[in-house]
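Note sheet for the following structure.
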Amino acid sequence: MSREARTILITGAGSGIGRDAAFALARRGHRVIAATLTQAQADALQGECSAQGVAMQTLKMDITLPEDRAQILDLPLDVLLNNAGVGESGSLAEVGMQRVRAAFEVNLFATLELTQLALRGMIARRRGTVLFVSSIAGRIPMPFLMPYSMTKFALSAAGAGLRAELDQLRCNVHVALIEPGAIHTGFNQAMTERKYAWMDASSYFHAQAAQMRARERRVFALLEARDTRAIVAQIVRACEARRPKLRYVAPWAQGLMVRLARMLGV
Ligand SMILES: NC(=O)c1ccc[n+]([C@@H]2O[C@H](COP(=O)([O-])OP(=O)(O)OC[C@H]3O[C@@H](n4cnc5c(N)ncnc54)[C@H](OP(=O)(O)O)[C@@H]3O)[C@@H](O)[C@H]2O)c1
């Protein structure tokens with residue numbers, strides 16, 4: 001593990017894991033560029049940095065917009081932390097495919113397009129790390145969360161494949177996956193709620209909806225880590241590693257549950 005200062009761009013840094021990782025990395029002396037979905041979030045984050053005496057550059061970057069993504073070409077990045085993501089829920093038996101496509105657009109396609117731009121500089125400089133924030137929902141299928149879960153399966157596969165491809169170039173550019181378990185940022189609650197906006201009386205699951213909603217609330221209340229500390233510690237390790245390993249998972253107990261579930265063939 002090296003502690004040389006690195007230039008690290010984090011997408012979706014206006015809230016949650018991305019925001020907390022930005023502060024943790026900046027406090028460790030790295031040059032953090034915190035990219036946020038909106039300019040208002042960038043301004044608010046800059047205000048927070050000033051109040052806390054933390055040095056950080058902020059940038060408005062909606063990763064689905066080519067003109068926003070192009071900003072990355074001017075930045076000499078050591079690490080790209082692809083953290084921006086959206087949640088989507090509902091049964092695959094009935095969810096509108098435009099919702100699934102929209103989730104793939106942010107979580108996979110725009111993420112890969114941004115990564116391709118970052119790789120130009122990294123491969124030319126023969127130095128860099130690309131991190132994808134996937135999820136344990138990309139390791140085991142999650143009923144009623146499949147519109148999201150599928151995007152993370154695809155992202156984890158993409159990250160592992162890209163890692164093997166770049167290894168063949170021997171260009172000192174590394175790829176790794178960050179796989180958080182359930183963490184209380186508000187993301188899971190917003191994601192599970194989204195389906196109830198369109199699950200009307202015609203839904204196959206209308207009769208179970210109230211029970212399902214109550215169960216989801218109980219499950220997340222029980223499962224979610226109360227804060228982002230464990231996953232942020234893994235992100236810091238991955239950002240600072242000379243050769244990051246393929247997967248960084250936290251909280252560890254949820255990672256263990258996933259490994260057991262996969263061994264049992266879930
Ligand atoms: N919390 C969990 O339990 C959990 C578990 C596994 C994986 N993850 C993953 O961890 C990452 C961060 O999630 P989080 O829990 O910290 O939730 P979060 O606070 O909602 O973080 C996601 C961030 O991405 C931003 N974003 C959405 N669309 C974007 C776009 N087109 N361009 C740029 N930024 C965009 C969001 O902005 P707005 O808020 O303004 O929409 C938000 O700031 C996500 O990739 C998520 O899938 C989270």
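Counting starts at 1 for both ligands and their atoms, in listed order.
The closest side-chain donor-acceptor pair between Q52 and R27 falls under 3.5 angstrom. A donor and an acceptor atom, one from each side chain of S89 and R194, are nowhere located under 3.5 Å apart. Side-chain N/O atoms of E94 and S203 include a donor and acceptor closer than 3.5 Å.
Of the options N83, N107, I136, the smallest heavy-atom separation from atom 12 (C) of ligand 1 is shown by N83. When the options I17, L155, I183 are ranked by their closest heavy atom to atom 3 (O) of ligand 1, first place goes to I183. If you check each of F187, F220, F132 against atom 17 (O) of ligand 1, the one with the closest non-hydrogen atom is F187. When G186, A137, G85, S134 are checked for heavy-atom proximity to atom 7 (C) of ligand 1, S134 turns out nearest.
In this structure, the protein non-hydrogen atom closest to atom 4 (C) of ligand 1 is G181 O, 3.9 Å. Scanning all protein heavy atoms for the shortest distance to atom 46 (C) of ligand 1 gives Y148 OH, 3.6 Å.
Counting only heavy atoms, the protein never gets under 4.0 Å from atom 36 (C) of ligand 1.
Counting heavy atoms under 4.0 Å from ligand 1, residue N188 touches it through the side chain alone. If you look at R19 next to ligand 1, there are no close heavy atoms at all, none under 4.0 Å.
For R237 and Y248, the positive end is not near the middle of the six-membered ring at less than 6.0 Å and at most 45° from its axis.
Of the N or O atoms in T36, none lie within a sub-3.5 Å distance of an N or O in ligand 1. Considering backbone and side-chain N/O of E224, none are found under 3.5 Å from N/O of ligand 1. Checking only distances, K152 does come within under 3.5 Å of ligand 1, N or O to N or O.
Looking only at distances, no side-chain donor or acceptor of S134 sits under 3.5 Å from a matching main-chain atom of L155.
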Discussion item. Evaluate Q46 against T58 for side chain to side chain donor-acceptor pair (under 3.5 Å), listing each step before the verdict.
Written reply: CA-CA 7 Å; Q46 199 48 254; T58 55; 3.1 Å; yes
